[in-house]
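Everything on this sheet refers to the single structure shown next.
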Amino acid sequence: MDGKPQTNSKVVKNWKYRKYDDSYLDLGFTSVDVSHEECPQCVLYLKALAPECMLLSKLKRHLETNNPNKASKPRDYFIRKLKGLKEQKGTFLKQESIPTNASPASYQVADRVAKCKKPHTIAEELILPAAVDMVNIMVGEFVGRLLSKVPLSNSTISRKIQHIS
């Protein structure tokens, strides 16, 4: 041995993927960010492909294989589908958004319920409605609706008490 430490290093290749081009919409594909990588997404079935599929030939093959009756559709058809996809995502985010501080608030209530040795259903049946009523009177309806999004169901409180302990 020559005294130098032996290393078993692997050579990692840095693949260079193509960037999204607006002409890919002619084939029914838009771009979506998956794990900080730009990937093509089919606007018909919402399937995201691998980043290395960002080639015109691969996108065309996907369209002709999976959607042969849509292969001859004009660009306007795919633009309408993309617009519908964006509206659908926006609606989902609006309805499903839970405040980021709702989970810590739920843990705080679970801790209090556990310390008082009360049934777990008290949070959902008494604490949350009372808190919403107080906030509606003191602050306003909007904040009351926001507060009602705090998850305090029986199973949630039980799970959070177990997690705390």
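Positions are given from 1, in the same order as the sequence printed here.
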Reported CG-to-CD distance for the pair Leu49 and Glu52, which is rounded to 0.5 angstrom: 9.5 Å
Atom CG in Leu82, atom CZ in Phe29: separation rounded to 0.5 Å? 12.5 Å
Verify the cluster assignment for Tyr45 and Val34: are they in a single hydrophobic cluster under the rule of side-chain heavy atoms below 4.5 Å apart? no
Might you point out which heavy atoms bring Ala105 and Val150 nearest each other, and give the distance in Å? CB-CG1, 4.3 Å
Quiz: residues 53-63 side-chain donor-acceptor pairs under 3.5 angstrom, not counting sequence neighbours:
residue	atom	partner	partner atom	Å
His62	ND1	Asn66	ND2	2.8
His62	NE2	Asn66	ND2	3.4

Give the minimum heavy-atom separation between Ala71 and Glu64, together with the two atoms involved. CB-CG, 4.2 Å
Whether the side chain of Tyr20 engages the backbone of Val32 through a donor-acceptor N/O pair (distance < 3.5 Å, no angle test) should be reported. no
Is it possible for you to say whether Ile137 and Val139 belong to one hydrophobic cluster, with membership spreading through side-chain heavy-atom contacts below 4.5 Å? no
For residues 112-135, dump all side-chain donor-acceptor pairs below 3.5 Å to protein atoms at least two apart in sequence or in another chain.
residue	atom	partner	partner atom	Å
Lys115	NZ	Asp111	OD2	3.2

Flag side-chain contact, heavy atom, 4.5 Å: Val43 against Tyr77: no
Side chain to side chain contact (heavy atoms under 4.5 Å, CB included) between Phe78 and Thr30, intermediate numbers included: CA-CA 9 Å; Phe78 295 117; Thr30 186; over 6 Å; no
Any chance you could measure Ser72, atom OG, to Asn67, atom CG, to the nearest 0.5 Å? 11.5 Å
Could you tell me if the side chain of Leu152 sits less than 4.5 Å from the side chain of Thr156, heavy atoms only? no
Shared hydrophobic cluster for Ile164 and Ile157 (ILVMFWY, side-chain gaps under 4.5 Å): no
Determine yes or no for a side-chain-to-main-chain donor-acceptor pair under 3.5 angstrom, with Gln41 supplying the side chain and Leu46 the backbone. yes
For the side chain of Ser106 and the backbone of Pro151, is there at least one donor-acceptor N/O pair under 3.5 Å apart? yes
Could you grab the distance from atom NZ of Lys83 to atom CD1 of Ile79, nearest 0.5 Å is fine? 10.5 Å
Could you grab the distance from atom OG of Ser158 to atom NE2 of His163, nearest 0.5 Å is fine? 13.0 Å
In this structure, CZ of Arg145 is separated from CG of Asn136 (nearest 0.5 Å) by 8.5 Å
